[in-house]
Amino acid sequence: MRIESELKIGFKDVLIRPKRSTLKSRSEVSLDRDYVFRHSGLEWSGVPIIAANMDSVGTFSMAQVLTDFRMMVAIHKHYTVEQWQAYSSQVEADAMNFTTVSTGISNADFERMKLILKAVPSLQFICIDVANGYTEYFVEFVKKVREDYPDKTIIAGNVVTGEMVEELILAGADIVKVGIGPGSVCTTRVKTGVGYPQLSAIIECADAAHGLKGHVISDGGCTCSGDIAKAFGAGADFVMLGGMLAGHDEGEGEKIEENGQQFMEFYGMSSAAAMKKHNGGVADYRASEGKVVRVPYRGDVSVTVKDILGGVRSTCTYLGAGKLKELSKRTTFIQVREQENRIFS
């Protein structure tokens, strides 16, 4: 046993210090990023915000809207091959540059992923998604996918430390997903005692990845556009959102009416609800590590997306960053004990 005494921090622990700016308007800010990925060699351009591969967020309906904003969607892993074929036949080929197929690491997951990639060869991204990215089996699975798909861009996670980011990149991952426990419907930190404050995780993992010409996704913990801006300021190449995109029509969920108000269900993919829906229940050897909540129904996701992008553009104007790429270079975090005046919250 050992104790690390250095304080690790999350989004709530900091604000961003403003700087002089020559920008006259938020409209002058470009949120597009251009990336070339280490292993696949894919040249990608777009707004680097990703809808999480949760079945109430990472849907085909969500992808149809977010693609118009040049944002990405990690499609959840519970669509059939036939549903993938139907979706791909309805959209332009360019949409596949903003769409990710997701897979677990079981043999069944791998075979399903291969069938989808055969049916939709224009897919460019593979997201290998597990809660615990620290197992040898996971690293070997990443190597296997890289060997079979040398030209695809591989996302792998989740981890929170630099040495594991480096191992996954060297194993074949182009992009590493960072975050253990920060999500709004994740209970991993409560059930296991394991986790890492998200801002420190981003800073340390981005540093490790960029040294190897890899990239990172900040996955989880964002509650507002200010948190997204902090993630980019800390060095994240992409930011993945779950709860912030929940409750919309595009989540393909059912509306629930209660006391005259409408809600939609949102749950973690390691929750008992998700495991019952997709796997027949929680296996005897494991515990649920997610919760189920009802979020207010929010209508069309495009309204929320415009608000999010407007907030990040505003951050850039406060820092004099004409492009999102400049944000991390101009970010100075100040540690605080208070984020906002909550008297009317």
Side-chain angles (χ1 to χ4, degrees), residues 37 39-44 46 50-68 70-131 133 137-158 168 171-177 215 217 219 238 240-242 245 250-253 269-270 274-275 277-280:
F37 299 115
H39 295 288
S40 69
L42 176 70
E43 297 180 11
W44 183 88
I50 309 174
N53 49 340
M54 308 170 81
D55 63 12
S56 54
V57 177
T59 65
F60 289 141
S61 299
M62 188 72 72
Q64 286 181 306
V65 175
L66 264 57
T67 295
D68 290 339
R70 294 168 53 76
M71 293 164 59
M72 291 186 68
V73 175
I75 302 295
H76 69 73
K77 67 177 185 177
H78 303 291
Y79 284 119
T80 65
V81 176
E82 292 73 24
Q83 287 172 309
W84 269 100
Q85 287 176 311
Y87 173 71
S88 65
S89 68
Q90 295 167 8
V91 297
E92 297 179 4
D94 184 55
M96 293 302 127
N97 287 327
F98 300 96
T99 309
T100 298
V101 61
S102 299
T103 181
I105 57 176
S106 70
N107 290 332
D109 287 330
F110 186 55
E111 293 304 316
R112 175 188 161 277
M113 181 198 74
K114 289 199 294 186
L115 289 173
I116 291 171
L117 290 171
K118 184 177 180 180
V120 190
S122 57
L123 272 167
Q124 300 294 321
F125 290 88
I126 298 169
C127 180
I128 308 171
D129 184 55
V130 297
Y137 185 83
F138 180 64
V139 176
E140 292 303 313
F141 189 86
V142 171
K143 290 179 181 177
K144 180 168 69 171
V145 176
R146 172 53 64 205
E147 288 170 6
D148 286 6
Y149 297 99
D151 299 328
K152 301 295 185 185
T153 301
I154 296 176
I155 300 167
N158 284 28
L168 289 171
D174 296 286
I175 310 167
V176 177
K177 202 141 64 76
H215 296 79
I217 296 171
D219 177 18
F238 295 86
M240 182 171 271
L241 304 178
L245 297 176
E250 292 78 7
E252 299 180 359
M269 296 308 289
S270 291
M275 286 188 274
K277 180 177 180 179
H278 300 297
N279 302 310

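Along the sequence shown, residues are numbered consecutively beginning with 1.
Under the side-chain hydrogen bond (donor to acceptor under 3.5 Å, both in side chains) criterion, Ser106 pairs with Asp109, sequence neighbours left out. Applying the side-chain hydrogen bond (donor to acceptor under 3.5 Å, both in side chains) rule to Thr153 yields the partners Ser40; only residues at least two apart in sequence or on another chain are considered. A search for side-chain contact (heavy atoms from CB on, under 4.5 Å) contacts involving Ala156 returns Phe138, Val142, Ala173, not counting sequence neighbours. Here Asp94 pairs with Asn97, Phe98 under the side-chain contact (heavy atoms from CB on, under 4.5 Å) rule; sequence neighbours left out. With sequence neighbours left out, the salt bridge (charged side-chain N to carboxylate O under 4.0 Å, His left out) criterion links Arg146 to Asp174. The salt bridge (charged side-chain N to carboxylate O under 4.0 Å, His left out) check on Glu111 picks up Lys114, with sequence neighbours excluded. With sequence neighbours left out, the salt bridge (charged side-chain N to carboxylate O under 4.0 Å, His left out) criterion links Glu252 to no other residue. Applying the side-chain contact (heavy atoms from CB on, under 4.5 Å) rule to Glu43 yields the partners Val36; only residues at least two apart in sequence or on another chain are considered. Remark: Phe238 engages Tyr35, Trp44 in a ring pair (Phe, Tyr, Trp, His ring centres under 6.0 Å) (not counting sequence neighbours). The salt bridge (charged side-chain N to carboxylate O under 4.0 Å, His left out) test applied to Lys144 returns no partner, not counting sequence neighbours.
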Donor-acceptor list for residues 123-130 side chains, cut-off 3.5 Å, not counting sequence neighbours:
from, atom 1, to, atom 2, distance (Å)
Gln124, NE2, Ser122, O, 3.1
Asp129, OD1, Lys177, NZ, 2.6
Asp129, OD2, Asn53, ND2, 3.3

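Between Tyr79 and His76, the two ring planes are parallel [angle under 30°; tilted spans 30° to 60°].
In this structure, Ile217 and Ile50 have side chains that are in contact, with non-hydrogen atoms separated by less than 4.5 Å. Side-chain atoms of Tyr87 and Met96, non-hydrogen and from C-beta on, do get closer than 4.5 Å to each other.
The line from CE of Met54 to CE of Met240 is 10.0 Å long, rounded to the nearest 0.5 Å. Atom CG of Leu117 and atom OG1 of Thr103 lie 9.0 Å apart (nearest 0.5 Å). Note that CD1 of Ile75 and CH2 of Trp84 are 5.0 Å apart. Values are rounded to the nearest 0.5 Å. Taking CG of Asp151 as the reference point, atom NE2 of His39 lies at 13.0 Å (rounded to 0.5 Å). Rounding to the nearest 0.5 Å places CD of Glu250 at 9.5 Å from CD of Gln64. Distance CG/Leu42 to CD1/Ile154: 12.5 Å, rounded to 0.5 Å.
Applying the ring-ring contact (aromatic ring centres under 6.0 Å, His included) test to pairs two or more places apart or on separate chains, those with a residue in residues 101-124 are Phe110-Phe141.
Listed here is the closest heavy atom pair of Ala119 and Val81: CB-CG1, 3.8 Å. The heavy-atom pair separating Pro150 from Glu147 by the smallest distance is CD-O, 3.8 Å. A pairwise comparison of heavy atoms in Leu245 and Ala51 identifies CD1-CB, 3.7 Å as the closest pair.
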